[in-house]
Asker: 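Mind looking over this structure? Questions follow.
Chain A is the first sequence line, chain B the second, and so forth, proteins listed ahead of strands; every chain is numbered from 1. The basis for the numbers below is simple: all heavy atoms, side chains too, and nothing from hydrogens, waters or symmetry mates.
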There are 2 protein chains.
Amino acid sequence: MATFKTRAQYVADDLRERILGGEFKGGSQLRQDALAKDYEVSRIPVREALLTLESEGLVEFHAHRGAFTTELSVAAIRELFDLRVLLETYVLRHAIPNLTAADLDHAASILRQYDAALDSGSQIDNWSDYNFAFHHALYAPSGLPETLAMIGQLNTKSGRYIRMQLVYTREIEKAEVEHRQLLELARQGDVDRTCQLLETHIKDAAEGIAAVLEKSLRSA
Amino acid sequence: MATFKTRAQYVADDLRERILGGEFKGGSQLRQDALAKDYEVSRIPVREALLTLESEGLVEFHAHRGAFTTELSVAAIRELFDLRVLLETYVLRHAIPNLTAADLDHAASILRQYDAALDSGSQIDNWSDYNFAFHHALYAPSGLPETLAMIGQLNTKSGRYIRMQLVYTREIEKAEVEHRQLLELARQGDVDRTCQLLETHIKDAAEGIAAVLEKSLRSA
DNA sequence: GCCATAGGGATTGCATACAATATCCAGATT
DNA sequence: AATCTGGATATTGTATGCAATCCCTATGGC
């Protein structure tokens, strides 16, 4: 059961990936007709997919003018990352006391998977997914599903900019080191220091993105 | 401009109100055909409205079985209200230093409006809206639109239960008193005490709702 | 030269109609 | 008696086509 996926969901998933991957620059118009031909479906599932993406904050509808990819201001990016700090330290604080050996192993295995992928020189595109998977592995034992869902929303909404930064900078190695430190501190059960590291981990990423964005704004 | 409202939006707004108002109990099936006849539109806008409500967490789609109103567990309610405390004290903390005389007047006028409505014995249904409007008035000067949007989501998602409590108890008067205290403390610029009051204000509501829910679960 | 304004064209928003899927219940089987 | 099977039925999911709305440009007035 539940293995059925509507065309609308398929289009939404693919389109989300394309937007996050930077195929559409901020403010691009997404015409229903063109997308429908692209995916060889009618405009109905395309429209529903766009509605879904709208609710995720990736596109905006302008009545009778269509959907446009959203463009976040530097201020909005900073705000979203400040929210991430707030919510993610919150769940982490609740998760650490519940971390089992299995949880820690799972998180560690994600890091190993990533290393393997890196060594084999595979694409950088889905680092973002690995990154989120690792964070999620640390947060899941919090037993706070609603909060995790909101954190997921925040990540989706800012996802395009996270990937942008990764293209322009070499922040991944630094993030990887920090991930290992996070895991080690969590293993020791040192709540305060883990959360503090997480805070700088997220804030550094935000500053990196802000710098990239401001540079690209100046050049435009 | 932007004064145009699609049928889908109209249906979504009305249906949201009906769900929050308790017309549909948790877990009710919402058949597209019936709703379409109800609103004298085709199933397309109904479907889009249901998708919107799904993204707001008010309904759930079961593939080929239709949409059902969601039912929140007591744990989920508690979690949502804990999140509200976290996010709302956060924005309030940022808003208080920015509060202008006009902002305070605006908040005060909302309280007066509510009093007038109460005295004239009008319906209690939209107290929830007044409540949110007052809170929003205090938070808006924070200049944190993304955070405010998330707070709005949390309120929508738990809205049905907030109204449930108001029917069964007489919490409104207490809340009103606290609103005036909040306004006064904010006027004085006492950030810590205002946030502390806000915290208990929200937590008390959560406990009231949890009590009502648990009672109704036992009787069921 | 600048602003208001009407008509053409492009695109969305929606209604109708059809296809696809899950559920339900009767009947057979063990 | 309980479980499994299969077809009828109800309901969703999608395609097609049309109507409504907005943008754009050209034209006229000041």
Asker: Taking for each residue the nucleotide of DNA chain D bearing the nearest heavy atom, is the 5' side occupied by B:D33 or by A:P45?
Answerer: B:D33

Asker: Report yes if the side chains of B:E48 and B:R7 come closer than 4.5 Å at any heavy-atom pair, otherwise no.
Answerer: no

Asker: Quick one: does B:R43 reach the base of D:dG13 with a side-chain donor-acceptor pair under 3.5 Å?
Answerer: yes

Asker: Would you please confirm or rule out a distance under 4.0 Å between OP1 or OP2 of C:dT23 and any side-chain N or O of B:R65?
Answerer: yes

Asker: What's the verdict on side-chain contact (heavy atoms from CB on, under 4.5 Å) for A:E23 and A:E17, showing C-alpha distance, side-chain angles and the deciding distance?
Answerer: CA-CA 9 Å; A:E23 179 172 341; A:E17 208 49 43; over 6 Å; no

Asker: If we check side-chain contact (heavy atoms from CB on, under 4.5 Å) with A:F132, which of these qualifies: A:I162, A:T156, A:N155, A:I110?
Answerer: A:N155

Asker: Rounding to an integer number of Å, can you tell me how far B:Q32 CD sits from C:dA20 P?
Answerer: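 My rounded result for the distance is 18 Å.
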
Asker: Assuming nearest nucleotide by heavy-atom distance, tell me which of B:G66 and A:V41 is located more 5' along DNA chain D.
Answerer: B:G66

Asker: Which nucleotide sits closest to the side chain of B:T6: C:dA22, D:dT14, C:dG13?
Answerer: C:dG13

Asker: Whole Å only: how far is the CD1 atom of B:I44 from the C1' atom of D:dA20?
Answerer: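 Result: 16 Å.
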
Asker: Check the distance between C:dT11's C1' and A:Q29's CD and give it to me in whole angstrom.
Answerer: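 Atom-to-atom, A:Q29 to C:dT11, this comes out as 8 Å.
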
Asker: Could you give me the CA-CA distance, side-chain angles and deciding distance for B:R112 and B:D115, then say whether salt bridge (charged side-chain N to carboxylate O under 4.0 Å, His left out) is met?
Answerer: CA-CA 5 Å; B:R112 279 197 304 274; B:D115 275 350; over 6 Å; no

Asker: Within this structure, what is the CD-to-C1' distance between B:Q9 and D:dA20, rounded to whole angstrom?
Answerer: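 Nearest whole value for this atom pair: 15 Å.
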
Asker: Specify the separation, in whole Å, of atom CZ of B:R31 and atom C1' of C:dA22.
Answerer: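 Value for this atom pair: 15 Å.
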
Asker: Give a yes-or-no answer on whether the side chains of A:Y114 and A:E176 include a donor-acceptor pair shorter than 3.5 Å.
Answerer: no

Asker: Is the centre of the B:H135 ring less than 6.0 Å from the centre of the B:H201 ring?
Answerer: yes

Asker: Rounded to whole Å, how long is the line connecting atom CZ of B:R7 with atom P of D:dT21?
Answerer: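 Whole-Å distance recorded here is 8 Å.
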
Asker: For the pair made of CG in A:L35 and C1' in D:dA15, what is the distance, rounded to whole Å?
Answerer: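 Distance, rounded to whole Å: 17 Å.
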
Asker: Would you please say whether a donor-acceptor pair under 3.5 Å links the side chains of B:D103 and B:T100?
Answerer: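 The criterion, which ignores hydrogens and geometry beyond distance, is satisfied for B:T100 and B:D103.
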
Asker: Any N/O pairs under 3.5 Å between the protein and nucleotides 7-9 of chain C? List them or say none.
Answerer:
none

Asker: D:dT11 C1' sits how many Å from B:L30 CG, rounded?
Answerer: 13 Å

